[in-house]
Number of protein chains: 2
Amino acid sequence: MASFNNNSDNSLPESAVPEVVIQRLPLYVRVLTQFSSSGEEVISSEQLGTRLQMTPAQIRKDLSYFGRFGKQGRGYNISILEGKLRTILGLDRTWNAAVVGMGRLGRAVVSYPGFAPEGFNILAAFDANEEIVGQSISGLKVESISKLTQSVKDHDIKIGIVTVPIDHAQEVIDALVEAGIRSILNYAPLSPQVPEGVTVRGIDPVLSLQSMTYYIK
Amino acid sequence: MASFNNNSDNSLPESAVPEVVIQRLPLYVRVLTQFSSSGEEVISSEQLGTRLQMTPAQIRKDLSYFGRFGKQGRGYNISILEGKLRTILGLDRTWNAAVVGMGRLGRAVVSYPGFAPEGFNILAAFDANEEIVGQSISGLKVESISKLTQSVKDHDIKIGIVTVPIDHAQEVIDALVEAGIRSILNYAPLSPQVPEGVTVRGIDPVLSLQSMTYYIK
DNA sequence: GTTTGTGAAGGATTTCACAGCA
DNA sequence: TGCTGTGAAATCCTTCACAAAC
């Protein structure tokens with residue numbers, strides 16, 4: 001990522017479907033959603049490819065890992081394909097998340113309006129600083145990190161979002177893993193160590209900038 | 001990826017070095033910086049690999065595209081390697097950037113303290129809304145988008161950061177390209193169309209979440 | 001006529017494995 | 001002895017090209 005950049009990926013479960021393919025599916029979902037709201041009914045791999053700047057063959061091959069969703073001579077029904085892909089990705093349900101680290105970044109994350117419409121609900125917020133614990137931020141009561149395991153269980157939290165400073169990131173990630181979390185979105189600028197079966201995706205705009213400068217230098 | 005996940009990459013300049021390799025170099029810089037501040041002098045590809053959860057062979061191969069930086073039997077001198085990689089990536093200088101879109105996200109970006117220490121200076125901020133234009137945000141006077149081309153020239157801006165809502169993102173990106181920008185960090189949830197020679201990196205935490213749910217579903 | 005789905009081919013990237021040097 | 005640098009091998013991923021379906 002490699003985006004884009006920037007994905008630490010730790011030995012995911014055995015599967016015939018390449019990891020890169022899985023990472024492209026959300027892209028397909030995104031354009032399909034945009035197309036469907038524009039009144040179109042059918043879309044070809046050619047049109048999808050134009051939108052995403054990739055080859056039609058790649059799109060067809062990616063989709064073929066999961067089934068036969070198109071009709072020869074016509075293309076793909078937009079809303080049906082979108083639905084299939086959402087089901088494949090597990091987006092036909094909602095997911096509960098917890099944010100750890102309620103400084104500047106954590107506050108921005110919990111108040112970001114883009115998660116809920118996509119089914120990602122932030123139900124808990126944690127911080128190590130006792131002055132912040134107890135505060136209410138965007139409707140969330142900040143809890144002590146010592147409550148993590150209990151809260152993960154109580155709220156059926158499946159996703160951890162790490163927004164602590166770098167020097168506490170690894171220990172927070174260890175705590176999340178300890179609490180049973182297997183999917184982590186990491187905003188701290190480090191590549192954390194995680195056991196097999198735990199997926200970490202990193203969000204670091206600086207890494208993205210640092211690889212772009214190579215091409216303009 | 002990238003990520004990673006999440007990188008639109010449009011036909012970069014001809015080069016012998018694979019794009020994936022370029023995207024990993026900032027990762028190496030990041031760990032080297034962390035190691036060097038810990039007093040160590042030398043590091044082996046094995047140690048780097050452990051930190052980054054990748055194979056030592058891959059690290060050695062990546063580095064070999066650019067030269068011979070190590071010493072057999074010892075490893076790599078941390079600060080020398082860091083310096084070499086920074087030079088390769090163009091990080092031995094500073095880069096000026098402009099943010100377009102001064103809503104919630106744009107404000108978070110200009111006030112993010114992680115860019116400047118890495119040499120990325122945000123020198124201009126733009127918005128289409130006349131009520132925001134003229135305001136001062138984090139020490140930046142917000143300008144009208146009509147001033148884009150002139151401002152890019154005046155400040156020697158090389159990087160555009162897009163934080164406008166999705167329905168204006170493509171036109172803003174067109175305007176940046178028109179103004180001569182060839183590197184764009186895009187926070188809007190769309191894969192923009194850009195001409196050859198322009199690099200776009202997307203930052204979209206939702207895409208990252210959507211590919212992780214596949215593995216926990 | 002158009003576009004899918006897919007084996008086969010081609011290309012790219014990763015890993016192996018070891019010669020060579022410190 | 002320990003670790004790099006690197007061709008060669010292995011693996012992974014993308015693209016081709018075309019039969020089949022509409």
Side-chain angles (χ1 to χ4, degrees), chain A residues 1-5 7 9-12 14-25 27-28 32 35 40-78 80-81 84-85 211, chain B residues 1-5 7 9-12 14-25 27-28 32 35 40-78 80-81 84-85 211:
Chain A
M1 231 253 320
S3 183
F4 141 0
N5 91 83
N7 285 325
D9 176 354
N10 239 60
S11 51
L12 296 155
E14 204 62 62
S15 159
V17 184
E19 164 74 9
V20 267
V21 173
I22 300 302
Q23 291 193 205
R24 281 193 294 262
L25 298 187
L27 247 37
Y28 303 156
L32 289 167
F35 260 103
E40 294 292 322
E41 279 231 333
V42 179
I43 194 169
S44 66
S45 58
E46 176 90 37
Q47 289 171 284
L48 272 171
T50 303
R51 268 293 188 103
L52 292 166
Q53 316 229 105
M54 40 193 291
T55 66
Q58 177 161 75
I59 291 165
R60 294 200 302 274
K61 176 64 83 171
D62 282 359
L63 298 178
S64 77
Y65 282 102
F66 304 98
R68 302 148 60 105
F69 306 123
K71 279 205 182 21
Q72 283 105 324
R74 287 179 54 67
Y76 303 88
N77 177 295
I78 291 172
I80 290 177
L81 181 57
K84 294 279 188 187
L85 292 179
S211 66
Chain B
M1 252 189 253
S3 143
F4 357 98
N5 98 88
N7 285 325
D9 179 353
N10 239 62
S11 52
L12 295 155
E14 203 61 61
S15 160
V17 185
E19 164 72 9
V20 268
V21 174
I22 300 303
Q23 291 192 208
R24 281 192 295 261
L25 297 189
L27 246 39
Y28 302 156
L32 289 168
F35 260 104
E40 293 295 319
E41 279 230 333
V42 179
I43 193 169
S44 67
S45 58
E46 176 89 37
Q47 289 172 283
L48 272 170
T50 302
R51 268 290 188 107
L52 291 167
Q53 317 229 107
M54 43 193 287
T55 65
Q58 178 162 72
I59 290 166
R60 294 200 304 274
K61 177 65 87 170
D62 282 358
L63 297 179
S64 77
Y65 282 102
F66 303 98
R68 302 149 59 103
F69 306 124
K71 279 205 181 27
Q72 284 105 324
R74 286 179 56 64
Y76 303 89
N77 177 296
I78 291 172
I80 289 178
L81 181 58
K84 294 279 189 188
L85 292 179
S211 66

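Source: prediction; values computed, not measured.
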Notebook entry, point to check: With a 4.5 Å heavy-atom cut-off, do B/F66 and B/V17 have their side chains touching?
Noted result: yes
Next item on the list: Strictly below 4.0 Å, heavy-atom distances to any atom of DNA chain C: list the hits from residues 61-78 of chain A, or just say none.
Entry: A/K61, A/S64, A/R68, A/F69, A/G70, A/K71, A/Q72, A/G73, A/R74, A/G75, A/Y76
Next item on the list: With rounding to the nearest 0.5 Å, note down the distance linking CG in B/L32 to CZ in B/R51.
Entry: 10.0 Å
Note to self: Test of understanding: with side-chain contact (heavy atoms from CB on, under 4.5 Å), list the residues that count as partners of A/E40, not counting sequence neighbours.
What the structure shows: A/F35, A/S38, A/I78
Notebook entry, point to check: Which distance, rounded to the nearest 0.5 Å, do you find between the CG of B/L81 and the OH of B/Y28?
Noted result: 10.0 Å
Note to self: Taking any heavy-atom pair under 4.0 Å as a contact, classify A/V21: base, sugar-phosphate, or nothing.
What the structure shows: nothing
Margin query: Distance check, rounded to the nearest 0.5 Å: A/L85 atom CG versus A/L27 atom CG?
Written below: 11.5 Å
Next item on the list: With sequence neighbours excluded, tell me which residues meet side-chain contact (heavy atoms from CB on, under 4.5 Å) with A/S45.
Entry: A/P56, A/I59, A/R60, A/Y76
Next item on the list: Mind listing the closest non-hydrogen atom pair of B/V42 and B/Q47 along with its distance?
Entry: O-OE1, 4.2 Å
Checklist line | Closest approach of B/Y65 to B/V21 (non-hydrogen atoms, all atoms of both residues) | finding: CE1-CG2, 3.9 Å
Notebook entry, point to check: Contact boundaries of DNA chain D with chain A (under 4.0 Å, heavy atoms), 5' to 3'?
Noted result: D/dC13 to D/dC22
Note to self: Need two values: the first and the last nucleotide of DNA chain C, 5' to 3', having an atom under 4.0 Å from any heavy-atom of chain B.
What the structure shows: C/dT13 to C/dA22
Next item on the list: Could you pull out all residues at least two apart from B/Q58 that satisfy side-chain contact (heavy atoms from CB on, under 4.5 Å)?
Entry: B/R24, B/M54, B/T55, B/D62
